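Written out below as C-alpha cells is the structure these notes cover.
Predicted model, so just to flag it, every value in this text is computed and none were measured. Atoms considered below: every heavy atom in the structure, side chains included; atoms not considered: hydrogens, waters and symmetry mates.
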Amino acid sequence: MSALSKAIPSIKDPEFYGEKAYKDSDFVKINDGEFFDVKMQYPLLKMENAVPFCAVRQEVFEKLKIAQNILPQGYALRIWDGWRPFSLQRE
C-alpha cells in the first residue's frame with residue numbers, strides 16, 4: 001500500500017471548546033515570509049468587507065508554528081484565510 005492510499009486514522013473527538021477561553025485570547029498577525037505563505041483569498045476576490053491581513057488567535061498561531069517546524073526544510077504552510085469580520089461572514 002502506497003503512502004497516498006493509506007486510510008486516515010480514527011481519533012477521538014476533541015474536548016468541548018465551550019470551556020476554553022479562546023474567545024478571549026489575543027489575535028496574532030501572520031505575515032507572508034520565510035515560515036508562512038499567506039495568500040488571503042477574500043481580498044483577491046475583491047470582496048467588499050475583506051481585510052488585507054491574516055490574523056488568528058494566539059492558540060492557533062502556536063499550533064501553526066509547531067506544524068511548520070515539522071515540515072521539511074524549504075517548505076512553508078500556505079494560509080488561505082484567518083479571522084474574518086462579521087461583515088465579511090455576512091457577505
Please give the remaining members of the hydrophobic cluster of Phe27, linking ILVMFWY side chains under 4.5 Å, ordered by chain and number.
Val51, Phe53, Trp83
So how far is it from Ser25 OG to Phe61 CZ, rounded to the nearest 0.5 Å?
13.0 Å
Side-chain contact test, heavy atoms from C-beta onward, threshold under 4.5 Å: evaluate it for Val38 versus Asn31 and give yes or no.
no
Short side-chain to backbone donor-acceptor contact, Gln41 and Lys39, under 3.5 Å
yes
So, Arg84 side chain and Gln89 main chain: donor-acceptor pair closer than 3.5 Å or not?
no
Out of curiosity, Met40 CE to Asp32 CG, how far, rounded to the nearest 0.5 Å?
11.5 Å
Going by side-chain hydrogen bond (donor to acceptor under 3.5 Å, both in side chains), name the pairs with one or both residues in residues 61-70, residues two or more places apart or in two chains.
Gln58-Glu62, Glu62-Lys65
Minimum heavy-atom distance between Pro52 and Pro43, given as atom pair plus value:
CA-CG, 4.3 Å
Are Leu71 and Leu64 connected in the hydrophobic side-chain network, where two residues link if heavy atoms are under 4.5 Å apart?
yes
Answer whether the closest heavy-atom distance between the side chains of Ile79 and Asp37 falls below 4.5 Å.
no
Within-4.5 Å side-chain heavy-atom neighbours: Leu88 and Tyr42:
yes
Under a single-linkage definition using a 4.5 Å side-chain heavy-atom cutoff for Ile, Leu, Val, Met, Phe, Trp and Tyr, are Val28 and Phe35 assigned to the same hydrophobic cluster?
yes
